[in-house]
K.L.:
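Please read through the structure below; I'll follow up with questions.
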Amino acid sequence: LQDVIDWMEACIHERIPRRISVINANKLWQMKQDPRLEIIVSKSDLVIPEWAVYWGAAQLGTPLKSAVYGITLLKACLSWAEKKGYRLFFLGARPVTVEALLSRLSQDYPGLQIAGAHHGYLKSAEDKENVRQMIRLSMADVLFVAMGSPKQEFWIAENQDQLNVPVSIGVGGSFDVIAGLKKDTPNWARGHGIEWLYRL
Ligand code: UDP
């Protein structure tokens with residue numbers, strides 16, 4: 001987790017648009033079904049394995065350093081950005097979730113600089129261009145995109161070069177959890193390879 005944050009920090013100083021992909025078992029399966037997604041993920045600047053991928057790599061004799069969950073990274077980034085003054089942009093989820101997220105963040109991270117936020121249901125070409133413009137002007141250091149997979153991966157890959165944001169990362173349904181509208185996976189399931197059982 002700390003390595004990822006150090007990497008993000010270096011990117012913020014360089015200000016070249018880069019993207020992180022978080023992969024779990026489901027995303028690996030989606031990548032097999034869709035070569036476009038496979039290319040987008042494998043050409044990401046940093047790929048982070050969640051537990052199943054970490055476990056699988058070890059079984060195949062190519063162990064990885066650690067597993068990092070997207071939501072764990074998002075939570076760690078909130079304290080880090082608050083401390084360092086980095087600006088975060090939140091794109092995705094339903095309007096009601098975004099509202100709840102912003103109110104939760106202002107309570108729990110009063111010093112956090114929120115560059116902007118917008119829901120993830122972009123219909124018209126005009127909506128999409130307005131959001132790109134909003135992000136470009138926001139001076140964000142990190143963009144979190146929570147539209148679910150593979151939508152968020154496609155959106156980031158298509159738009160990252162037009163956004164002027166050093167790091168973009170897809171975080172699935174994490175805004176709903178941080179906003180307090182969905183329960184996070186408990187520790188007995190996460191990290192023991194049985195998150196799927198909890199979700200089931
Ligand atoms: N979502 C969105 N735009 C869409 C479809 C979905 O912003 O067009 C949001 C949805 O409101 C939810 C998230 O994307 O907050 C999807 O969460 P899910 O847990 O399904 O994603 P996963 O983590 O499984 O990829």
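Excluded from the calculations below are hydrogen atoms, water molecules and symmetry mates; all remaining heavy atoms, backbone and side chain alike, are included. Computed from a predicted model, the values in this text were never measured in an experiment.
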K.L.:
Please, which pairs that meet side chain to side chain donor-acceptor pair (under 3.5 Å) have at least one residue in residues 3-13, sequence neighbours excluded?
P.N.:
Q2-D6, D3-K65, E9-W80, E9-K84, E9-Y86
K.L.:
Flag yes if F144 and V47 sit in one hydrophobic cluster, no otherwise; membership is Ile, Leu, Val, Met, Phe, Trp, Tyr, and two members link when side-chain heavy atoms are under 4.5 Å apart.
P.N.:
no
K.L.:
With side chains defined as the heavy atoms from C-beta onward, is the minimum distance between R132 and N159 less than 4.5 Å?
P.N.:
yes
K.L.:
Report the hydrophobic cluster partners of I135, with the cluster defined as I, L, V, M, F, W, Y residues connected by side-chain heavy atoms closer than 4.5 angstrom, directly or transitively.
P.N.:
F89, L91, L122, V131, M134, L143, V145, M147, W155, I156, L163, V165
K.L.:
Heavy-atom distance under 4.5 Å between the side chains of V171 and I71, does that happen here?
P.N.:
no
K.L.:
Excluding sequence neighbours, so at least two apart, what forms side-chain contact (heavy atoms from CB on, under 4.5 Å) with P186?
P.N.:
W188, Y198
K.L.:
Excluding sequence neighbours, so at least two apart, what forms ring-ring contact (aromatic ring centres under 6.0 Å, His included) with Y54?
P.N.:
none
K.L.:
Side-chain heavy atoms under 4.5 Å apart, restricted to Ile/Leu/Val/Met/Phe/Trp/Tyr: what other residues fall into the cluster of L137, or is it alone?
P.N.:
none
K.L.:
For the hydrophobic clusters of this structure (ILVMFWY residues joined by side-chain heavy atoms under 4.5 Å, transitively), does one cluster hold both V177 and W51?
P.N.:
yes
K.L.:
Identify the heavy atoms of G172 and A146 that sit nearest to each other, and give their distance.
P.N.:
O-CB, 3.0 Å
K.L.:
Applying side-chain contact (heavy atoms from CB on, under 4.5 Å) to V167 and D45, what does each step give before you reach the verdict?
P.N.:
CA-CA 9 Å; V167 184; D45 299 282; over 6 Å; no
K.L.:
Extract all donor-acceptor atom pairs below 3.5 Å that involve side chains of residues 92-103 and protein atoms in other chains or at least two apart in sequence.
P.N.:
unit_1	atom_1	unit_2	atom_2	d
R94	NH2	T97	OG1	3.4
T97	OG1	D176	OD1	3.1

K.L.:
Taking Y69's backbone N and O only, do any of them form a donor-acceptor pair with E50's side chain (distance below 3.5 Å, no angle check)?
P.N.:
no
K.L.:
So do D141 and R15 actually touch side chain to side chain, heavy atoms under 4.5 Å?
P.N.:
yes
K.L.:
Suppose we screen for ring-ring contact (aromatic ring centres under 6.0 Å, His included). Which residues come up paired with F175, at least two apart in sequence or across chains?
P.N.:
F90
K.L.:
Looking at R36 and E158, is there a salt bridge between them, counting it only when a charged N and a carboxylate O are closer than 4.0 Å?
P.N.:
yes
K.L.:
Under the salt bridge (Lys or Arg N to Asp or Glu O under 4.0 Å) rule, collect the residues that match up with K75, sequence neighbours excluded.
P.N.:
D184
K.L.:
Can you sort out the partners of K32 under salt bridge (Lys or Arg N to Asp or Glu O under 4.0 Å), two or more places apart, ordered by chain and number?
P.N.:
E38
K.L.:
Are I48 and M8 in one and the same hydrophobic cluster, where Ile, Leu, Val, Met, Phe, Trp and Tyr link if side-chain heavy atoms are under 4.5 Å apart?
P.N.:
yes
K.L.:
How far does CD of E82 sit from SG of C77, to the nearest 0.5 angstrom?
P.N.:
13.0 Å
K.L.:
Starting at CD1 of I40, measure out to CD of Q160 and round the result to the nearest 0.5 Å.
P.N.:
9.5 Å
K.L.:
Under the rule for side-chain contact (heavy atoms from CB on, under 4.5 Å), what residues qualify as partners of Q30, not counting sequence neighbours?
P.N.:
N26, K27, L37, S149, P150
K.L.:
What pairs with E126 under side-chain contact (heavy atoms from CB on, under 4.5 Å), at least two apart in sequence or on another chain?
P.N.:
S124, N130
K.L.:
Quick one: CG on L28 to CD1 on I23, what's the gap to the nearest 0.5 Å?
P.N.:
4.5 Å
K.L.:
Would you say I169 and L46 are hydrophobically clustered, going by side-chain heavy atoms of ILVMFWY under 4.5 Å?
P.N.:
yes
K.L.:
How close do V22 and G70 get, counting heavy atoms only, and between which atoms?
P.N.:
CG1-N, 4.0 Å
K.L.:
Just to verify, what does R136 make a side chain to side chain donor-acceptor pair (under 3.5 Å) with, not counting sequence neighbours?
P.N.:
E129, Q133
K.L.:
With no hydrogens and no angle check, just 3.5 Å: does a side-chain donor-acceptor pair link E195 and T185?
P.N.:
yes
K.L.:
Measure the spacing between CZ of R19 and SG of C11 and express it to the nearest 0.5 Å.
P.N.:
12.5 Å
K.L.:
If you round to the nearest 0.5 Å, how far is CG of L78 from CG of D108?
P.N.:
9.0 Å
K.L.:
If you round to the nearest 0.5 Å, how far is CH2 of W55 from CG of L64?
P.N.:
13.5 Å
K.L.:
Report the C-alpha distance between L73 and V4 in whole Å, list the side-chain angles of each, state the deciding distance to 0.1 Å, and finish with yes or no for side-chain contact (heavy atoms from CB on, under 4.5 Å).
P.N.:
CA-CA 8 Å; L73 177 61; V4 178; 3.7 Å; yes
K.L.:
Assigning hydrophobic clusters by single linkage (Ile, Leu, Val, Met, Phe, Trp, Tyr; side-chain heavy-atom cutoff under 4.5 Å), is Y109 placed with L181?
P.N.:
no
K.L.:
What I'd like to find out is whether the side chain of P166 reaches to under 4.5 Å of the side chain of R18, using heavy atoms alone.
P.N.:
no
